[in-house]
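Right, one structure below, let's go through it.
Below, read A as the first sequence line, B as the second, and so on, with proteins coming before strands; counting in each chain starts at 1.
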Amino acid sequence: MMRDIVRVEAMMPAPPSRVFDAFTAELDRWWRPDPRFRWLSRGGVLRFESGQLIERVGDEHVVIGQVLAWEPGSHLAFSWRAPGVTRRADTRVDIRFEAHPGGTRLVLEHSGWAALRKDHPARKGTGSTPALQGLWGLWWSELLGGLRRFVVD
Amino acid sequence: MIDATLSALADPTRRQVIEILGRGPHRASVLAEACEASRPAMSRHLKILRQSGLTTELPDPEDGRARVYALRREGLIELRDWLDDVERFWTHQLAALAEHLAEDPT
């Protein structure tokens, strides 16, 4: 019902297999250090190594995520740990590479919600009485109206 | 404060709680059952969510002795703003990739 998926699409001026290689094998050559998204106090380079995504500065390194899908020219997926979070946050990045006139359409989705148990009454909005719902009805419509990112289906 | 929010959301059970509360306020007992967690475990999760600012605790309008948990608008707005930052971050990185490829497409 509520979802947090950040989705970004971009056109790349090269075929899917080339784009996949550039994303993975050449990551350290194009990645832009960002002060809000770095894991070591001196921002380092990101690299894919042995099925992991790692940030390296000198002798230090931090594992940012594990590779979850590796289909050259088609699909790359890896787990992603938010910087500053003491426990590993298992959000996920999925990147798809689609052939397109002029090159490749790259679709990146960064997601993180766990599925709710399908058969639980709370999933259908029951388990909360009409009186309770009514009382908070106005409050909820104001709350949901303010949340552009969360999609209510 | 976003660090506390992200740490709170790092746990799958707590993410489930957020999703359930998105449909309306609930008592701790309902949340525990929905998430298949013990009452003590759910208590710990709810405390972390409260401390992170994502949820608040209110009297149950139907039973003054009971409490219900609800999402807190300010916490969710902070989370939404962070997700906007994540979107900008990836847009920025993909632009860098496109530039790199434009210089060396083969």
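Using cut-offs of 30° and 60° for the angle between ring planes, the A:Trp80 and B:Phe89 rings count as tilted.
Within residues 14-30 of chain A, the residues having any heavy atom under 4.5 Å from a heavy atom of chain B are, by residue number, A:Ala14, A:Pro15, A:Arg18, A:Val19, A:Ala22, A:Phe23, A:Glu26, A:Arg29, A:Trp30. Contacts with chain B (heavy atom to heavy atom, under 4.5 Å) involve no residue of residues 94-102 of chain A.
Of the possible polar contacts, none joining the B:Gln93 side chain to the A:Trp31 backbone as a donor-acceptor pair under 3.5 Å is found.
Note on B:Ile18 and B:Ile48: separate hydrophobic clusters, where clusters join Ile, Leu, Val, Met, Phe, Trp and Tyr whose side-chain heavy atoms are under 4.5 Å apart, directly or indirectly. In the hydrophobic clustering of ILVMFWY residues, with side-chain heavy atoms under 4.5 Å counting as a link, A:Ile64 and A:Trp70 come out together.
Residues B:Leu94 and A:Met12 have side chains in contact (heavy-atom distance under 4.5 Å, counting atoms from C-beta outward). For the pair A:Thr104 and B:Leu101, the minimum side-chain heavy-atom distance is 4.5 Å or more.
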Donor-acceptor contacts under 3.5 Å from residues 43-51 of chain A side chains, at least two apart:
unit_1: A:Glu49; atom_1: OE1; unit_2: A:Arg56; atom_2: NH2; d: 2.9
unit_1: A:Glu49; atom_1: OE2; unit_2: A:Arg56; atom_2: NE; d: 3.1

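In this structure A:Asp59 satisfies the side chain to side chain donor-acceptor pair (under 3.5 Å) test with no other residue, sequence neighbours excluded.
Contact annotation for B:Asp104: both backbone and side-chain heavy atoms come within less than 4.5 Å of a heavy atom of chain A.
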